[in-house]
Amino acid sequence: MNEPRTDPEISVVVPIFREAESVGPLCRRLVPVLERVASSFEILFVDDGSTDDTLLAIRAENARDPRIKAVSFSRNFGKEIAIAAGLDHARGRAVVIMDADLQHPPETIEAFVAKWREGYVMVYGQRTDRAGESPVKRGFTQAFYRLFARFGETELPEGAGDFRLIDRKGVEVLRSLGERARFSKGLYAWIGFPSVGVPFVVEERQFGTTKWSFRKLFRFAFDGITSFSTVPLRVWTYLGGLISLLSIAAAIYFAVRTLLFGSDVPGYPSLIVSVTFFSGIQLMSLGMIGEYVGRIFAEVKRRPLYVVADTVGGSGEASPVAE
Ligand code: UDP
Ligand code: MG
């Protein structure tokens with residue numbers, strides 16, 4: 001239990017959710033790479049409330065190699081929050097974030113570290129292809145990036161995901177942000193600092209299946225847009241104005257027609273159409289406002305982002321946030 005309190009040079013944060021089979025193979029491939037590129041390191045799994053033997057598998061690894069540690073959530077909080085917890089508990093002078101499923105090739109970390117030593121604060125993996133993903137998912141991803149590029153207030157580098165290295169400087173800034181609706185891809189870009197991409201090829205998933213349901217992905221994209229853009233809030237004002245103008249024009253047209261030709265059959269169908277049309281618009285705008293109000297609510301509550309239930313290998317307390 002009495003570990004020497006020297007901080008490792010590099011921490012690798014791995015959010016993990018129900019991937020017991022991945023733990024061993026990941027460590028087998030990751031440790032040699034880290035031994036080659038870093039003077040010292042730790043691998044910090046953030047167990048996102050797995051219900052299988054994930055934590056057990058990590059304990060087994062820790063027994064063999066105390067540099068492998070874990071923080072375990074009391075339930076599933078989602079990958080974004082797991083990454084936030086990883087950044088809180090990692091002690092390295094640089095932190096690498098990667099998936100547990102070996103889709104992020106550990107060997108790429110060598111290039112990350114080289115760029116970091118050149119002085120970059122942020123080194124992100126840039127996927128060169130999206131093979132192995134369903135066309136539907138790819139379509140949605142593309143649509144999302146296009147939307148974000150158009151309306152988001154921050155620029156997202158193409159093909160950059162969570163696989164990246166962040167210098168301690170950047171980590172402290174990220175930790176101090178304290179946003180609840182975490183869209184880390186946006187936050188990474190928002191904090192700035194000298195950044196560079198390193199291309200890598202996403203590998204096939206080795207074990208199990210993706211842990212993202214369509215609902216989770218949609219939620220994620222929605223969080224991204226609403227956290228980094230107020231366009232969804234404002235667009236309704238313009239649309240409302242335009243519709244009002246059109247309805248005034250229509251009113252004038254009907255008045256003139258009645259004056260010239262007299263009134264014909266009372267406009268029952270057009271009445272129904274306009275009523276439903278406007279209630280639709282109102283509902284949509286109410287929903288949008290609800291989104292933002294909900295966000296304010298979540299921020300105001302100041303709940304902790306996550307609850308740690310257990311730790312492996314002394315990553316008990318988070319280091320204090322730098323001012
Ligand atoms: N993950 C997590 N919590 C979740 C969902 C996923 O920590 O609620 C982890 C998962 O274990 C993996 C990483 O996030 O290490 C990426 O998940 P996955 O491979 O399922 O996503 P994909 O690669 O399909 O985007
Ligand atoms: Mg994956």
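Counting starts at 1 for both ligands and their atoms, following the listed order. The analysis underlying the following values was restricted to heavy atoms, covering all of them including side chains, and did not include hydrogens, waters or symmetry mates.
Taking every non-hydrogen atom of Glu19 and a distance limit under 4.0 Å, the qualifying atoms of ligand 1 come out as 10 (C), 11 (O), 12 (C), 15 (O). Ligand 1 places these atoms under 4.0 Å from at least one heavy atom of Asp101: 18 (P), 19 (O), 23 (O). Close approach of ligand 1 to Asn76 (heavy-atom distance below 4.0 Å) involves ligand atoms 3 (N), 4 (C), 8 (O).
For Asp101, the N/O/S atom at the shortest distance from the Mg ion (ligand 2) is named OD2.
In this structure, Arg28 pairs ionically with Glu61, as a charged nitrogen and a carboxylate oxygen lie closer than 4.0 Å. By the 4.0 Å N-to-carboxylate-O rule, Asp310 lies close enough to Arg59 to be salt-bridged with it.
Considering both main-chain and side-chain atoms, Ala100 comes within under 3.5 Å of ligand 1 through a nitrogen or oxygen pair. Checking only distances, Pro15 does come within under 3.5 Å of ligand 1, N or O to N or O.
Counting only N and O atoms by type, the side chains of Glu42 and Ser11 include a donor and acceptor under 3.5 Å apart.
Contact annotation: Asp99 places no N, O or S atom under 2.8 Å from the Mg ion (ligand 2).
Cation-pi contact between Arg75 and Phe77: present, with separation from the ring centre below 6.0 Å and deviation from the ring axis of at most 45°.
With a 4.0 Å cut-off on non-hydrogen atoms, Asp99 touches ligand 1 through its backbone as well as its side chain. Of all the heavy atoms of Arg18, none lies under 4.0 Å from any atom of ligand 1, so neither backbone nor side chain is involved.
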Could you walk me through whether Phe140 and Phe218 satisfy the ring-ring contact (aromatic ring centres under 6.0 Å, His included) test, starting with their C-alpha distance in whole Å, then the side-chain angles of each, then the deciding distance to 0.1 Å, before giving a yes or no? CA-CA 9 Å; Phe140 273 104; Phe218 187 77; 7.7 Å; no
